[in-house]
Amino acid sequence: MRTKSTNILPALFTYGFVGLMAFLSVFPFIWMVLGATNASIDIIKGKMLPGEALATNVANFFTLVNVPLVFWNSAKVTILATVLTLAVSSLAGYGFEIFRSRQRERLYSAMLLTLMIPFAALMIPLFIMMGKAGLINTHIAVVLPTIGSAFVVFYFRQSTKAFPSELRDAAKVDGLKEWQIFLYIYVPVMRSTYAAAFIIVFMTAWNNYLWPLIVLQSNETKTITLVISSLASAYYPDYGVVMVGTILATLPTLAVFFFMQRQFVQGMLGSVK
Amino acid sequence: MVHARRGGIGRYYDVNGWLFVAPALGLIALFMVYPILWSLWMSFQAGRGMTMKFAGFANIVRLWNDPIFIKALTNTMTYFVVQVPIMILLALILASLLNNPRLVGRGLFRTAIFLPCVTSLVAYSVLFKGMFAPDGIVNSTLQAIGIIASPIPWLTHPFWAKTLVIIAITWRWTGYNMIFYLAALQNIDKSIYEVARIDGVPAWARFTHITIPLLKPVILFTTVISTIGTLQLFDEVYNLTEGKGGPSNATLTLSLYIYNLTFRFMPSFGYAATVSYVIVVLVALLAFLQFFLARERDR
């Protein structure tokens with residue numbers, strides 16, 4: 001009884017504060033969904049009720065934007081980046097942890113230093129490199145510089161420390177080659193690590209903006225992120241259309257979040273922006 | 001015999017070791033190490049477009065006499081000095097409140113506060129641009145409650161544009177930082193708090209004297225990440241304030257200035273590379289300083 005009466009004020013404060021923060025966090029999502037059902041003029045006047053313009057907005061979005069192509073571009077870039085990054089980084093993380101050597105340890109430390117390199121310092125040389133290679137305006141140019149990721153290698157190496165060495169020994173006795181051990185034993189055993197790493201890489205690739213903005217210059221190659229940005233930067237943006245676009249662009253990451261919530265948080269905890 | 005076998009295994013291990021790490025190391029060397037060295041070389045070159053010649057420290061001298069650079073640097077530092085502490089304190093408070101197992105619906109609160117992390121930087125910037133329009137939902141709500149008399153010019157006034165960028169970044173990243181603190185709080189022995197409570201230590205003192213000291217390594221880690229992120233700020237500013245850096249460059253960041261120097265104006269690669277090295281040096285310095293300060297305070 002005593003604790004209840006003395007705790008009522010702090011409790012009220014806690015619920016009020018946390019509730020307000022939760023509301024503010026979710027509010028833009030509600031606003032986005034309501035916005036998609038309203039005309040642009042009502043949206044920027046702050047209307048907060050569902051309207052009747054959803055069908056018009058969706059229709060306008062589909063006329064302004066080649067939706068299948070844009071989604072295909074985004075999907076292509078994301079899938080390529082994700083599959084290649086996971087493959088290359090898990091091989092390296094496994095290699096660094098299982099086959100130790102002094103030289104590789106040095107290279108590993110040097111590699112971790114690249115985590116501090118800001119992208120702004122890379123974009124000009126990368127742009128010139130891609131220009132010389134004739135890759136401007138291609139999806140290969142978008143994906144290539146993102147595959148070698150010191151962070152994802154680090155993530156896999158840390159997780160490989162938990163990979164039981166008995167499995168490797170047993171596989172060797174059975175006469176498996178090193179690549180077979182990796183492919184048939186390591187990959188299936190480490191699937192939760194792959195899941196968390198998948199989320200980090202998927203989110204980064206799907207939402208990547210600055211580098212695609214530089215490299216992708218024609219409408220045929222643009223990704224959904226670039227399209228939304230250019231729709232919203234029009235002199236008089238049609239916010240109804242923009243809202244439809246942001247919903248469609250957010251849905252894949254939202255779906256990944258809700259279906260893989262545990263791995264999502266795990267991936268976030270391990271991710272470095 | 002023994003020697004021969006050991007040598008054989010050593011070589012076998014080594015070939016495999018190199019094969020496994022080669023693709024990643026090769027790609028990192030080609031797309032990280034080579035470009036970063038190239039931009040260092042470029043920062044000593046001057047000229048328009050691809051015709052460049054050695055210019056010594058001319059670019060560095062140019063930095064000091066470039067009011068737009070000074071503006072971009074000041075803005076970037078302002079974001080960092082104002083936004084990072086606000087966000088980290090907010091995330092810490094939220095994490096310690098949500099760590100209380102007796103809080104009803106804390107899973108729901110946690111998910112809600114974490115939700116902004118799923119949005120892309122472009123998508124949320126676009127949403128915020130609409131919400132903070134002159135007659136938009138934010139101004140009309142603030143007016144309805146009576147906090148402000150006339151609409152705040154969020155997008156067109158230098159001070160408010162900067163404030164808007166700070167609000168937006170805080171919205172996007174607070175939940176992300178909170179997750180780190182929640183994970184770290186799980187490892188703190190609950191009995192420490194019980195003892196403090198029984199001894200009559202008030203909640204705020206428990207926060208400043210128990211939570212913050214125990215979470216120091218995580219706080220340091222997230223501060224470093226946020227610092228590096230803030231120093232590279234681009235997407236939000238580009239999309240919130242029309243790509244130009246806002247009213248009289250009020251929101252211009254270093255990354256946006258580099259982009260403008262390279263792709264918007266007559267390309268001046270050498271000078272842009274010099275500006276980019278300012279970010280490299282700042283990131284390295286601040287990361288070092290934060291680790292150093294934390295170690296000092298430990299003694």
Side-chain angles (χ1 to χ4, degrees), chain A residues 10 14 17-18 21-22 25-26 28-29 31-32 35 43-46 48 88-89 91-92 94-96 99 101 104 107 111 114 116-122 124-126 144-145 147-148 150 153 178 207 209-210 214 225 228-229 232-233 239 242 246 249-250 253-254 257 265 268-269 272-273, chain B residues 13-14 16-17 20-21 23-25 27-28 31-32 35-36 38-39 94 97-98 109 112-113 115-116 118-123 126-127 129-131 133 135-137 140 175-176 179-180 183 203 225 229 231-232 234-235 239 242-243 255 258 262-263 269 272-273 276-277 279-280 283-284 287:
Chain A
T14 303
F17 182 71
V18 174
M21 288 301 146
S25 299
V26 178
F29 291 91
W31 188 79
M32 169 173 81
I43 298 169
I44 49 171
K45 277 192 177 155
M48 265 314 281
V88 165
S89 310
L91 279 169
Y94 177 84
F96 277 121
F99 310 100
S101 87
R104 273 193 297 277
L107 278 171
M111 183 196 80
T114 66
M116 294 224 299
I117 298 178
F119 180 73
L122 301 174
I124 304 166
L126 284 177
L144 263 183
I147 303 171
V153 174
E178 286 299 339
N207 293 333
Y209 179 64
L210 177 52
I214 295 168
T225 315
I228 289 172
S229 168
S233 63
Y239 273 102
V242 171
T246 47
T250 313
T253 48
L254 205 60
F257 172 63
V265 171
M268 283 291 151
L269 284 176
V272 173
K273 194 195 171 245
Chain B
Y13 257 62
D14 223 43
N16 275 298
F20 273 99
V21 302
L25 285 183
L27 285 161
I28 291 172
F31 295 114
M32 295 281 272
I36 196 75
W38 189 359
S39 48
L94 285 170
L97 291 178
L98 289 177
F109 286 131
I113 294 170
L115 208 57
V118 307
T119 61
S120 76
L121 303 185
V122 172
V126 167
L127 285 180
K129 195 176 149 197
M131 283 165 46
D135 301 319
I137 182 73
S140 52
Y176 173 81
I179 291 294
F180 283 91
I225 305 176
L231 287 173
Q232 300 192 57
F234 177 86
D235 299 16
N239 285 291
E242 305 294 342
S255 286
I258 296 164
T262 319
F263 302 104
F269 291 138
S276 77
Y277 255 84
I279 306 184
V280 175
V283 167

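Order of the sequence lines fixes the chain letters, A, B, ..., with proteins taken first and strands second; residue numbering starts at 1 for each chain.
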Going from CD1 on A/I43 to CD1 on B/I137, what distance comes out if it is rounded to the nearest 0.5 angstrom?
-> 11.5 Å
Under 4.5 Å to a heavy atom of chain B? For A/T225 that would be both
Below 4.5 Å from any heavy atom of chain B, which atoms of A/M111 appear? Answer side chain, backbone, both or neither.
-> side chain
What is the distance from atom NZ of B/K129 to atom OH of A/Y239, rounded to the nearest 0.5 Å?
-> 4.5 Å
From A/Y94 atom OH to B/N16 atom CG, the distance as rounded to the nearest 0.5 Å = 8.5 Å
Given a strict heavy-atom distance threshold of 4.5 Å, which part of B/A133 is in contact with chain A: side chain, backbone, both, or neither?
-> side chain
Taking atom CG of B/L127 and atom OG1 of A/T250, what is their separation to the nearest 0.5 Å?
-> 7.0 Å
Most chain B-contacting option - heavy-atom pairs closer than 4.5 Å, from A/L107, A/V242, A/L126, A/V153 | A/L126
Which word best sums up how the rings of A/Y209 and B/F234 line up, parallel for under 30°, tilted for 30 to 60°, or perpendicular for over 60°?
-> tilted
With a 4.5 angstrom heavy-atom cut-off, which part of B/L98 approaches chain A: side chain, backbone, both or neither?
-> side chain
Which atom pair, heavy atoms only, marks the closest approach of A/A22 to B/I113?
-> CA-CG1, 3.8 Å
Check whether A/A249 gets within reach of chain B through its side chain, its backbone, both or neither, counting any heavy atom under 4.5 Å.
-> neither
B/T262 versus chain A, the contacting section by heavy-atom distance below 4.5 Å | side chain
Between CG of A/L122 and CD1 of B/I36, what distance do you get to the nearest 0.5 Å?
-> 5.0 Å
Which bit of B/S140 is near chain A, if near means a heavy-atom gap under 4.5 Å: side chain, backbone, both or neither?
-> side chain
Which residues satisfy the side chain to side chain donor-acceptor pair (under 3.5 Å) test with A/S89, sequence neighbours excluded?
-> none
In this structure, CZ of A/F17 is separated from CG of B/L94 (nearest 0.5 Å) by 5.0 Å
Selection from A/T246, A/T253, A/I228, A/I124 maximising heavy-atom pairs under 4.5 Å formed with chain B = A/I124
